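Heads up: the structure comes next, in structure tokens.
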Amino acid sequence: MSVQPVTSGGGDVAIRLTGVEKRFEGSAIPAVTDLSLEVPEGSIVAFVGPSGCGKTTTLKMINRLIEPTAGEIHVEGTEIRSLPKHELRRRIGYVIQQIGLFPHLTIAANVATVPRLLGWDKKRINARVDELVDIVGLDPEVLDRYPSELSGGQQQRIGVARALAADPPVLLMDEPYSAVDPIVRARLQDELLALQQRVHKTIVIVTHDIDEAVKLGDRVALFNVGGILEQYGAPAELLSGPANGFVEEFLGNERGLKLLSLLTPADLDLSPGCVVPADARPLEAEQVAKANGFDWVGILDGDRLRGWAWVDDLTELTRVGDAPTRLFRAAVSTTTPLRQVLDGIVNSRTRVAVVLGDDQRHLGMITIDDLAEGIQ
């Protein structure tokens, strides 16, 4: 029976695994079982799952640190066993948890390792080293230092720079951030996302942390013990529609909050909310507030939101625009993560967040109910 790979959903495929299996001698069950999936070119795919699920084994099979027992693996359209290992690995950068910098070499020499092996001339190597140190956000002064003189976060950045030195199209990362503290880890994750915007590599990252997988991955491959692929798709797909009980349990009890961190107001059907124009009469404002379930109303000057006022403060006025207003505490943009929007709502007296455009035009309001509907 032919095995149909889990498809990438469009675009060119950088890595294709078809019916891949790995059995280690003496083991009763495979480490990886009949695995088929595609990694789209220029994307980040996160492999995640419990210990013993075969995620690291799969990663190592892609660059032939481990040979598959069965199946085929194609990288950039070439079956990997048709290439000498050293030639394959020139196409693939590799970053590991322990970083693996050579302690007796300077940072510059560490980064230059692969270009030097490839026979690049000194001028080209120096230019590439300088470029990479800038790309990963380090000061050029680190080039003359040794790994022991750098922090864990700095060493990890150098590990990424070294992996990118020969400009490979594919980057494999095996739990690269698990050895650093949570604050540094979050910063390195952000830096990887920013780096990807510049270098546009195909990245496969192994992690045991579902939050990290959701944050970094354009797609997430969730494995079960034995290298069984339980679900593969965009993080929002897994969070909104777990394929089975195992996936649901692994994603944890805060699936809704995780999903909110992936969505923005641009993903919602925004309504104007509880607002009236400045020349509205108090009775109209009272009706709008009542219809929205609030005791306040927002006041618009054209398409600009002036602020909000209590309905009880409008009764003696001819027009609501004459009322003193308060600023909305939760003002967000169309790109603000909805999890941050939620925090703003619950800390606001009005219990809404207002969405403003880049030009500060009023685009709409978001309530708790809107968030709940948005993740259904």
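What you are looking at is a predicted structure, and each value in this text was computed from that prediction instead of being measured.
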Item to check | Min side-chain heavy-atom separation S240-L259 under 4.5 Å | outcome: yes
Item to check | For V320, the rest of its hydrophobic cluster, which grows through side-chain links under 4.5 angstrom | outcome: V276, V288, V297, I299, L314, L317
Checklist entry - What salt bridge (Lys or Arg N to Asp or Glu O under 4.0 Å) pairs are there with at least one residue in residues 367-376, not counting sequence neighbours? => result none
Next on the checklist: Do L164 and K201 have side chains that approach each other closer than 4.5 Å (heavy atoms only, starting at C-beta)?
Outcome noted: yes
Item to check | Residue pair W308 / T325, side-chain heavy-atom distance below 4.5 Å | outcome: no
Checklist entry - Quick one: ring-ring contact (aromatic ring centres under 6.0 Å, His included) pairs with a partner in residues 30-78, sequence neighbours left out? => result F47-F223
Checklist entry - Under 3.5 Å, side chain of R128 to main-chain N/O of A165, donor-acceptor pair present? => result yes
Next on the checklist: More than 12 heavy atoms of other residues, nucleotides or ligands under 6.0 Å from CG of D359: yes or no?
Outcome noted: yes
Item to check | Qualifying residue, where the test is side-chain contact (heavy atoms from CB on, under 4.5 Å) with M365 and the options are V355, L270, V275, T350 | outcome: V275
Item to check | salt bridge (charged side-chain N to carboxylate O under 4.0 Å, His left out) against R281, all qualifying residues, sequence neighbours excluded | outcome: none
Checklist entry - Can you check whether D174 reaches K60 side chain to side chain, under 4.5 Å on heavy atoms? => result yes
Item to check | R329 backbone acceptor or donor facing S348 side chain under 3.5 Å | outcome: no
Checklist entry - Going by heavy atoms in the side chains, are C274 and V352 under 4.5 Å from each other? => result no
Item to check | Results of side-chain hydrogen bond (donor to acceptor under 3.5 Å, both in side chains) for R64 - residues two or more places apart only | outcome: E67
Checklist entry - How would you list, by chain and number, every residue that makes a salt bridge (charged side-chain N to carboxylate O under 4.0 Å, His left out) with D343, sequence neighbours excluded? => result none
Checklist entry - Checking H208 side chain against S51 main chain: does a donor-acceptor pair fall under 3.5 Å? => result no
